[in-house]
**Student:** 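Okay, here's the structure, questions in a sec.
As the structure lists them, so they are numbered: ligands from 1, and atoms in each ligand from 1.
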Amino acid sequence: MRITQDIRYIGVNDHRDALFEGQYRVPNGMSYNSYVILDEKIAVLDTVDVNFTEEWLRNLELTLCGKKPDYLVIHHMEPDHSASLCAFMECYPDTIVVASAKAFTMMKNFFGTEYEQQRMIVTEGSELSLGKHTLAFLTAMMVHWPEVVLSYDSEDHVLFSADAFGKFGALDMEDDWVSEARRYYIGIVGKYGAQVYNLLQKVGKYDVHVICPLHGPVLDKELEYYLYLYRTWASYEPEKSGVVIAYASVYGNTKQAAELLRDKLRESGCETVIYDLARDDIHEAIAAAFCYDRLVLASSTYNGDVFPPMKTFLHGLTERNFQKRSVAMMENGSWAPMAAKVMSGMLEKSRELKLVEPVVRIHSAMNKENMAEIEMLSENMQKAVDK
Ligand code: FEO
């Protein structure tokens with residue numbers, strides 16, 4: 001696939017692995033992207049997952065048409081991008097490996113070699129001239145590992161953005177870019193909003209026309225929209241006005257209360273999405289909580305704690321720096337309701353959360369008082385719109 005006159009796509013689609021990074025569901029697969037710049041000197045940009053080495057090397061061979069690469073640029077050492085490095089070097093042993101100093105240390109840890117005799121260490125501001133094309137490097141610490149660098153080709157105005165601007169889903173599948181990019185972003189780099197924001201500031205200095213990420217499609221239109229989404233996500237600002245209801249229910253009584261609240265909110269015209277944390281994709285629920293400005297947590301009490309799916313969900317939020325939202329709670333407990341106390345404790349260190357009352361306390365099944373409280377909570381949630 002041709003990206004520009006001199007830049008080619010040689011990546012692969014993964015439809016084998018149902019879980020990316022061992023935890024994220026990828027029903028539409030995953031792409032591991034790799035690119036080649038054909039110039040006086042030839043640069044290969046990143047490799048692919050170990051299960052696709054042969055396919056990738058074939059793509060490369062077809063693109064090279066008998067020529068040999070001069071450089072292999074490793075933007076990111078995570079194995080979904082670097083695992084085919086040694087196989088590449090066996091095929092093309094004279095290639096110079098280009099990466100950050102930290103990446104070479106990781107190379108030694110992963111592969112037992114850091115290519116001392118044929119390497120080029122790059123840092124912020126380093127340049128690699130290929131002829132017409134020159135790659136300028138930017139460091140991108142923690143987006144999403146500490147060794148990451150991005151590169152910008154000023155000839156074709158292309159940003160090679162590593163994990164940034166990636167998404168779940170193989171390139172031969174159609175899906176909604178925003179929802180799968182959001183789930184990917186929040187899941188993979190949601191914790192590192194400050195670092196992503198810094199990177200966006202640096203990227204802003206370049207006249208980028210095309211973004212080539214390591215996952216998902218090449219972006220060459222409406223780049224301002226993608227940058228806007230990334231700025232929103234990186235700053236933890238809500239992307240949409242609406243309510244997420246996340247519930248964890250043992251026998252269905254907490255679920256019933258959650259669904260009653262959902263119905264009341266929707267009847268009032270408030271956009272509301274609801275997740276069963278025991279059955280739905282937990283990472284989609286986490287991404288939704290970052291997307292909307294209001295969140296309702298509804299959980300049964302279990303062993304004097306919250307029901308475990310809620311604990312997993314809340315941990316997923318706090319480890320990604322959940323903040324700047326209005327939050328309400330509903331708890332259920334047949335003899336000693338504890339869920340609201342535990343949920344509040346888990347969110348104690350989260351910044352700028354506003355509690356919306358009342359906290360609904362159910363003893364086994366909803367009664368008339370609970371229904372009235374849910375009515376009131378619905379009204380208060382609608383008033384709790386930020387700004
Ligand atoms: Fe796609 Fe952080 O690796």
Side-chain angles (χ1 to χ4, degrees), residues 9-35 44-53 55-56 72-86 88 97-100 102-107 109-111 137-151 159-171 173 175 177 180-196 198-200 203 211-219 226 230 233-234 283 286-287 316 319-321:
Y9 178 86
I10 58 161
V12 297
N13 288 317
D14 180 356
H15 288 289
R16 295 186 210 168
D17 199 346
L19 290 179
F20 179 65
E21 288 190 358
Q23 61 169 330
Y24 300 99
R25 293 183 200 173
V26 281
N28 286 337
M30 199 70 198
S31 74
Y32 309 119
N33 298 346
S34 170
Y35 305 91
V44 177
L45 311 184
D46 298 291
T47 81
V48 297
D49 181 90
V50 70
N51 293 308
F52 298 88
T53 305
E55 182 184 340
W56 172 69
L72 173 63
V73 178
I74 297 292
H75 289 100
H76 182 16
M77 269 302 293
E78 196 165 9
D80 50 335
H81 310 296
S82 72
S84 302
L85 194 158
C86 295
F88 171 94
V97 182
V98 181
S100 68
K102 280 196 179 73
F104 283 108
T105 304
M106 289 182 179
M107 243 172 256
N109 294 338
F110 273 114
F111 309 127
F137 289 89
L138 306 77
T139 55
M141 192 163 174
M142 302 321 295
V143 188
H144 118 251
W145 279 13
E147 86 299 358
V148 172
V149 290
L150 274 58
S151 60
L159 177 71
F160 296 98
S161 63
D163 273 344
F165 301 97
K167 69 179 273 295
F168 296 128
L171 297 187
M173 300 295 284
D175 53 24
W177 188 92
E180 282 300 76
R182 183 194 303 114
R183 189 168 69 91
Y184 167 89
Y185 171 87
I186 298 297
I188 308 284
V189 283
K191 179 182 171 74
Y192 301 109
Q195 289 86 344
V196 174
N198 286 342
L199 177 64
L200 293 171
V203 167
I211 296 176
C212 289
L214 286 176
H215 302 288
V218 169
L219 306 174
Y226 299 115
Y230 256 65
W233 297 338
H283 295 106
I286 290 168
E319 72 172 345
R320 292 173 176 82
N321 282 324

**Student:** With ring-ring contact (aromatic ring centres under 6.0 Å, His included) as the criterion, how do W177 and Y226 come out once you've worked through the C-alpha distance, each side chain's angles and the decisive distance to 0.1 Å?
**Tutor:** CA-CA 10 Å; W177 188 92; Y226 299 115; 4.5 Å; yes
**Student:** Using a distance threshold of 2.8 Å, what protein N/O/S atoms lie below it relative to atom 1 (Fe) of ligand 1?
**Tutor:** D80 OD2, H81 NE2, D163 OD1, H215 NE2
**Student:** Go through the side-chain N and O atoms of D46 and H75 and say whether any donor and acceptor fall under 3.5 Å apart.
**Tutor:** yes
**Student:** Over 60° means perpendicular and under 30° means parallel, so classify the ring planes of F165 and Y230, tilted if in between.
**Tutor:** parallel
**Student:** Hey, can you tell me if Y32 and H81 have their rings parallel, tilted or perpendicular (30° and 60° cut-offs)?
**Tutor:** perpendicular
**Student:** Verify side-chain contact (heavy atoms from CB on, under 4.5 Å) between L19 and R25, making sure each step is shown before the conclusion.
**Tutor:** CA-CA 5 Å; L19 290 179; R25 293 183 200 173; 4.1 Å; yes
**Student:** Just distance, no hydrogens or angles: give the donor-acceptor pairs under 3.5 Å from side chains in residues 143-150, sequence neighbours left out.
**Tutor:**
residue, atom, partner, partner atom, Å
H144, ND1, E78, OE1, 3.2
H144, ND1, D163, OD2, 3.1
E147, OE2, H76, ND1, 2.7
E147, OE2, M77, N, 2.6

